[in-house]
Amino acid sequence: MTRPVRDGAAVPTGADVLSRLLPRLAQWSARPWQLVRGAWRRSIQLRVITATLTLSVVVVSLLGITLSRQITDGLLQAQAEAAVADASAGIDSAQRSLDAAVDQAPAELRQTLVQIAETLAAGGSTSAATEPLYEIVVLGSEGAPTYRSRASSESVPADLRDRVSEEPRVFRTYTSINYVNGDSVPGLAVGGSITDPTGQDYELYYLFPLTEQQQTIDLVLTALATAGVLLVLLLCALAWLVARQVVTPVRMAARIAERFSAGRLSERMAVRGRDDLARLAMSFNQMAASLQHQIGQLEDLSRMQQQFVSDVSHELRTPLTTVRMAADVLYEARDDFDPVTERSIELLQAQLDRFEALLTDLLEISRFDAGAAALNAERFDVRDVVHKVIDAATPLAVQKGSDLLVDVPVEPVMAEVDARRIERIVRNLVVNAIEHGEGRDVRVRLATDDHAVAITVRDHGVGLKPGESSLVFHRFWRADPARARTTGGTGLGLSIALEDARLHGGWLQAWGEPGEGSQFRLTLPRVAGDDLRSSPLALVPDDVGDGAVDASGVGEPYRRLGPATESPSSPASPATADGEPTPSSADPAQEVSRHA
């Protein structure tokens, strides 16, 4: 379709306007349904009232239909039986009158038939003030009306005429009585055949109006409908009242529980009466009081523990300094002693280094526990942190027989971080990878995107058993208690690293499989305070190929998702632990350096 151009710009056509309006109309039409669906999910009271209303309408409708049918059938059946009896008597009387006029001429017989019909019609008139009880219609053999009182011959149904002409019996059917003045009322048609002395057959019909019965039925239906509506409203009101009495305490308990979980431990439910809901409120209050007491005890114990660790760490500084000075003097003069004493001095020096590192870690842990740790974030190139850690860990890697492989981008990786804390995290991860790497290669990767920076440290050592990916961040936890700490670790490194990552608002996660090695991933926001949504690097190494995994949180164990969970639209992009696609490892903007 060619669009008209006006002032150099294309004028939108009706199809363009319609294509723009349709999504908005669909959104507007779906919004009320979304509101109703949300209210249905949130409110028990709404569901109870809706269920009660639905069941009440169904029950009342079935009951009303049954009663209306029984009442209608009863009224019409009684009227039909009376009408058939009156019509049968009239038809027999008309036949006897015709049999008595055997000596009359054909013209006189026709006049006699009209007189008989008038007599029968007069019998249906009770008084001038009321309508006749029935109307009389006499039809000839060819269908021409011989006599009719006030009703037209069209009031007689054709199927009734066929049955009357076929058998010498009285038949009835429901019809609509049409009067000559144009009125129409429901009625009952009863008819039979009569024969004059000449053998001419006639059809005699009684038309009984059912006006009174119809009015009675309408009155009954109106009464049933009114009673049904009132009954439904009453049941809904009862359901609302009962649901309110039950739901209100539950809602109150939910609000109190939310306040209690927010730290307002003195919140309690109001207890009214002695019913089941009152017992629930009492039990809830007892539980809240018990939890408040236990939480208070735990807080006091935690404060005492933190204060004890802090005090002991500070108090040990003075004697440690004195012992350190004496040990340094002995260490400097170790060549003057015999070999046994020299070895003892070297062991003393090494253990003092480890003891001093332990005190430093304990002081750092106490700061985190007390909430006194501060983040001094500055814009920094994370590549410098990685290279600094690698340079410092190279001698240890040479001693263990491992090669350090480093993949970092060529362009600067700028982020708002506390360089001292990030260096401590990376150094701890690299040293642990070298110690547990069994002399195999250790790979350190750095990647970034628009929102986050990620560092992974991969080793090919003993790996982690199922469930140990979260235990490694516990304080003083060791995968193999019998394994010696050749590097002098304190058992608090990963715990402090996890707290440093949380202080940045980042993630520190671990993956490992027995015999496949392990990989730790540190993810940090590029801007301090931003929320992380994904990581530039995968938690599962590329060389494993066991499918995607799901890590539920920072420092939490992961679970396998398996290859069946990969998106069919992008089978070549495995999902990371956070559901984001893994970038290709063959990035030309990566440089690889090898440190012996």
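Just so it is clear, the values below take in all heavy atoms, side chains as well, and ignore hydrogens, waters and symmetry mates. Please read these numbers as outputs of a predicted model, since none were measured by experiment.
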query = Does CD belonging to Glu212 count more than 12 external heavy atoms closer than 6.0 Å?
reply = no

### Task
Step through the shown structure and confirm whether more than 12 heavy atoms of other residues, nucleotides or ligands are within 6.0 Å of CE on Met282.
no

| query | Can Asp201 and Thr195 be counted as having a side-chain donor-acceptor contact under 3.5 angstrom? | reply | yes

- Decide whether Arg268 and Gln292 meet the rule of one side-chain donor and one side-chain acceptor closer than 3.5 Å. yes

Which atoms form the tightest heavy-atom contact between [X] and [Y], and what is the distance?
{"X": "Val164", "Y": "Gly192", "value": "CG1-C, 3.6 Å"}
{"X": "Ile91", "Y": "Ser193", "value": "CG2-O, 4.2 Å"}
{"X": "Ser97", "Y": "Ile116", "value": "CB-CD1, 3.3 Å"}
{"X": "Ser88", "Y": "Val170", "value": "OG-CG2, 3.7 Å"}
{"X": "Arg521", "Y": "Thr456", "value": "CG-CG2, 3.7 Å"}
{"X": "Leu532", "Y": "Gly506", "value": "CD1-CA, 3.6 Å"}

So the side-chain hydrogen bond (donor to acceptor under 3.5 Å, both in side chains) pairs with at least one residue in residues 61-80 (sequence neighbours excluded) are Gln77-Glu81, Gln79-Gln213

Enter the distance from [X]:[atom1] to [Y]:[atom2] here, rounded to the nearest 0.5 Å.
{"X": "Phe208", "Y": "Thr175", "atom1": "CZ", "atom2": "OG1", "value": "13.5 Å"}
{"X": "Asp530", "Y": "His451", "atom1": "CG", "atom2": "NE2", "value": "8.5 Å"}
{"X": "Gln95", "Y": "Leu204", "atom1": "CD", "atom2": "CG", "value": "10.0 Å"}
{"X": "Leu539", "Y": "Trp511", "atom1": "CG", "atom2": "CH2", "value": "8.5 Å"}
{"X": "Ile177", "Y": "Leu207", "atom1": "CD1", "atom2": "CG", "value": "5.0 Å"}
{"X": "Asp450", "Y": "Thr448", "atom1": "CG", "atom2": "OG1", "value": "8.0 Å"}

[X] (side chain) donor-acceptor with [Y] (main chain) under 3.5 angstrom:
{"X": "Ser290", "Y": "Gln294", "result": "no"}
{"X": "Ser165", "Y": "Asp162", "result": "yes"}
{"X": "Gln519", "Y": "Ala538", "result": "yes"}
{"X": "Asn285", "Y": "Ala281", "result": "yes"}

[X] side chain near [Y] side chain, heavy-atom distance below 4.5 Å:
{"X": "Ile71", "Y": "Ile217", "value": "no"}
{"X": "Ile256", "Y": "Phe284", "value": "yes"}
{"X": "Tyr206", "Y": "Leu188", "value": "no"}
{"X": "Trp507", "Y": "Ser535", "value": "yes"}

**Asked** After noting the C-alpha distance and the side-chain angles of Val114 and Glu118, does the key distance pass the side-chain contact (heavy atoms from CB on, under 4.5 Å) rule?
**Response** CA-CA 6 Å; Val114 172; Glu118 291 178 351; 3.8 Å; yes

Test log, rule side-chain contact (heavy atoms from CB on, under 4.5 Å), inputs Trp240 and Val48: CA-CA 8 Å; Trp240 176 82; Val48 171; over 6 Å; no

Those residues at least two apart in sequence (or on a different chain) that pass side-chain contact (heavy atoms from CB on, under 4.5 Å) with Val60 are Leu231, Val232

The side-chain contact (heavy atoms from CB on, under 4.5 Å) partners of Asn178 (sequence neighbours excluded) come to Ser152, Ser155, Ser176, Ser184

Sorted by chain and residue number, the side-chain hydrogen bond (donor to acceptor under 3.5 Å, both in side chains) partners of Gln115 (sequence neighbours excluded) come out as none

What's the verdict on side-chain contact (heavy atoms from CB on, under 4.5 Å) for Ile194 and Leu113, showing C-alpha distance, side-chain angles and the deciding distance? CA-CA 10 Å; Ile194 56 176; Leu113 180 60; 3.7 Å; yes

Salt bridge (Lys or Arg N to Asp or Glu O under 4.0 Å) filter on Glu167, not counting sequence neighbours, yields Arg169

Residue set satisfying salt bridge (Lys or Arg N to Asp or Glu O under 4.0 Å) with Arg163, at least two apart, ordered chain then number -> none

Chi angles and distances behind the side-chain contact (heavy atoms from CB on, under 4.5 Å) call for Leu210, Val185: CA-CA 7 Å; Leu210 301 178; Val185 296; over 6 Å; no

Exactly one of Thr216, Thr211, Asp218 clears side chain to side chain donor-acceptor pair (under 3.5 Å) with Gln214, and that residue is Asp218

**Message:** Walk me through whether Glu203 and Tyr205 qualify under side chain to side chain donor-acceptor pair (under 3.5 Å).
**Reply:** CA-CA 7 Å; Glu203 301 170 11; Tyr205 295 98; 2.6 Å; yes

